[in-house]
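Before any comments, here is the structure.
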Number of protein chains: 2
Amino acid sequence: MHPMVNDDAAAKARTGSDAANAGAAEKAAGGGKARTKSRGRPRSFDRETALEKALLAFWEHGYEATSVSDLTRVMDIGAPSLYAAFGDKRSLFEEVVRVYGTRYGSFTDRALAEEPTARDAVERTLREAATAYTQPGHPHGCLVVHAATNCSTPEVEESLRDRRNANIAAFESRIRADVAAGVLPPATDAAALARHTGAMIQGMSQQARDGASREELEAVAEIALSIWPRTGTHTG
Amino acid sequence: MHPMVNDDAAAKARTGSDAANAGAAEKAAGGGKARTKSRGRPRSFDRETALEKALLAFWEHGYEATSVSDLTRVMDIGAPSLYAAFGDKRSLFEEVVRVYGTRYGSFTDRALAEEPTARDAVERTLREAATAYTQPGHPHGCLVVHAATNCSTPEVEESLRDRRNANIAAFESRIRADVAAGVLPPATDAAALARHTGAMIQGMSQQARDGASREELEAVAEIALSIWPRTGTHTG
DNA sequence: TCATTTATCTAGCGGTCGCTACAGAAATGA
DNA sequence: TCATTTCTGTAGCGACCGCTAGATAAATGA
């Protein structure tokens with residue numbers, strides 16, 4: 001069904017992503033190893049800037065509804081340049097998802113890593129979600145939640161689903177750790193608590209898409225947090 | 001951008017939806033008024049059955065990802081028959097949404113109408129959502145939540161968004177009524193409570209799509225319900 | 001029997017989709 | 001200067017999109 005030169009294109013894109021960037025982005029000579037200068041005609045656009053534009057487009061309209069011609073327009077490059085630099089539409093999307101994760105979607109991981117208890121991590125996550133999902137300057141809600149629903153490419157849909165479920169699993173293991181440490185009661189249903197948190201995050205994201213303001217989402221988060229036994233409720 | 005015979009097509013579909021159905025579906029003569037028999041060649045398929053097939057397809061894949069050729073295949077009719085009976089793709093989808101609302105999505109309205117308090121209505125809604133969203137035999141989750149996200153036809157997206165927000169507004173006014181009646185404390189933030197309920201429903205729907213079981217959703221609902229002041233907490 | 005009405009079938013319209021062949025342009029190393 | 005390498009612009013591929021014209025089939029009323 002698809003052309004069979006994909007490997008070729010992917011390889012091209014990969015080299016483009018590593019080496020060619022060094023020529024355009026890193027203006028300071030410096031760099032010790034590897035090729036110091038690229039050979040042929042240099043890229044006429046900044047790869048990261050174009051990637052960010054693609055990110056915003058995918059974030060706003062989703063994977064399917066963002067056509068390649070939409071992408072070339074907002075990235076301000078021709079289709080051949082897009083394919084040379086990023087591979088096909090799907091690998092561009094995958095790269096966008098990676099960048100999104102590190103740039104916009106890392107507050108959950110940070111909360112889980114930095115907060116002392118699961119409850120604190122959830123509290124911080126929900127509060128930060130309220131502000132992140134309504135931030136002006138980029139689309140509302142979470143790309144991972146919305147960008148590949150009802151997608152006719154099942155692999156894309158699954159990859160985002162996996163990310164969502166991995167998030168919930170991370171909450172669950174953090175909660176289990178608190179239960180084991182006696183911070184939470186032994187009878188705590190860690191799986192249900194984690195899933196409740198995931199559902200809240202996803203519901204808040206949907207609400208943000210549907211027009212809810214930051215204050216409204218913060219009020220929702222506040223209510224959702226009241227389900228937690230207060231910190232210090234640890235049993236023996 | 002579009003052909004301008006849409007009014008024509010819509011008119012055709014409308015008559016088809018009313019009269020032509022009487023010929024095929026109502027086998028008992030009976031019916032008092034109106035035309036007793038249709039004139040031309042009778043429809044070769046059952047309109048309601050075909051509509052149900054379309055409903056399931058839209059429910060599973062969403063508005064955009066379900067192509068007309070997908071529809072004609074699952075409905076087992078030709079494209080001209082589809083257009084004659086239902087108008088264009090969008091009016092078919094709108095009819096599907098109406099049918100979905102009465103057949104699968106009415107549990108919220110019923111709970112709001114039949115339960116004595118807002119809290120009871122929300123409790124019943126969340127519990128029924130857990131079972132409805134994981135029912136075998138049809139796609140999981142809620143069509144209204146998922147079928148028109150990231151839709152390149154803004155009107156379709158908005159029409160479902162309006163339904164979601166109307167649902168939340170219904171919760172809010174029911175909560176306000178309880179506050180006014182002294183069933184809930186006067187300080188109750190009705191808007192936030194309603195939005196929290198909406199977010200839970202939408203989050204549970206997403207969870208159902210992502211593979212959560214009925215039992216898992218029921219546990220989530222249970223947790224979500226614990227935010228409510230117990231029934232009988234009314235102040236003076 | 002036959003004109004009328006309505007539904008179905010075949011076939012295909014113009015448009016967009018993701019993607020690429022090809023030729024020319026801009027850099028490098030010799 | 002010139003071969004080599006790489007990127008860019010034009011132009012268009014085959015496939016699918018939503019949708020429909022036109023011919024034919026099956027019912028009705030006369």
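So you know, we letter chains A, B, ... as the sequences are listed, proteins then strands, and number each from 1.
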Is there a donor-acceptor pair closer than 3.5 Å between any side-chain N or O of [X] and the backbone N or O of [Y]?
X: A:K89; Y: A:Y63; answer: yes
X: B:T153; Y: B:V156; answer: no
X: B:E157; Y: B:C151; answer: yes
X: B:T197; Y: B:L193; answer: yes

Produce the list of close N/O pairs, under 3.5 Å, pairing protein atoms with atoms of nucleotides 10-13 of chain D; give distances to one decimal.
none

Taking only side-chain N and O atoms of [X], does any of them lie within less than 4.0 angstrom of OP1 or OP2 on [N]?
X: A:S69; N: C:dG18; result: no
X: A:S44; N: D:dC7; result: no
X: B:S67; N: D:dC17; result: yes
X: A:S38; N: D:dT5; result: no
X: A:S81; N: D:dC7; result: no

Atom pairs under 3.5 Å: protein N/O with N/O of nucleotides 24-26 of chain D:
residue: D:dA25; atom: N3; partner: B:R41; partner atom: NH1; Å: 3.2

Taking [atom1] from [X] and [atom2] from [N], how many angstroms apart are they, rounded to a whole number?
X: B:E64; N: D:dC16; atom1: CD; atom2: C1'; value: 14 Å
X: A:I77; N: C:dG18; atom1: CD1; atom2: P; value: 14 Å
X: B:D76; N: C:dC9; atom1: CG; atom2: C1'; value: 14 Å
X: B:L92; N: D:dC17; atom1: CG; atom2: P; value: 15 Å
X: A:L82; N: C:dC17; atom1: CG; atom2: C1'; value: 14 Å
X: B:F86; N: C:dA7; atom1: CZ; atom2: C1'; value: 13 Å
X: B:M75; N: C:dC9; atom1: CE; atom2: P; value: 14 Å
X: B:D70; N: D:dG18; atom1: CG; atom2: P; value: 8 Å

Counting any heavy atom closer than 4.0 Å, what does B:T153 reach on the DNA or RNA strands: base, sugar-phosphate only, or nothing?
nothing
Contact class for A:T72 (heavy atom, under 4.0 Å): base, sugar-phosphate, or nothing?
nothing
Of C:dT8, D:dG18, C:dG18, the nucleotide closest to the side chain of A:Y83 is C:dG18
Let's see if you can work this out: which of C:dA7, C:dT6, D:dT5 has an atom nearest to the side-chain heavy atoms of B:R39?
C:dT6
What verdict does the side-chain contact (heavy atoms from CB on, under 4.5 Å) test give for B:F171 and B:T108, after you've listed the backbone C-alpha separation in whole Å, the side-chain angles of each residue and the deciding distance to 0.1 Å?
CA-CA 9 Å; B:F171 279 120; B:T108 297; 3.6 Å; yes
Side chains of B:V145 and B:Q206, heavy atoms from C-beta outward: is any pair under 4.5 Å?
no
Indicate yes or no: at least one non-hydrogen side-chain atom of B:Y83 is less than 4.5 angstrom from one of B:V68.
yes
Rounded to the nearest 0.5 Å, what separation is found between the CZ atom of A:F86 and the CD atom of A:E94?
14.0 Å
Give the ring-plane orientation class for A:Y100 versus A:W59, where under 30° counts as parallel, over 60° as perpendicular and anything between as tilted.
perpendicular
With a cut-off of under 6.0 Å to the ring centre and 45° to the axis, is B:R47 in cation-pi contact with B:F45?
no
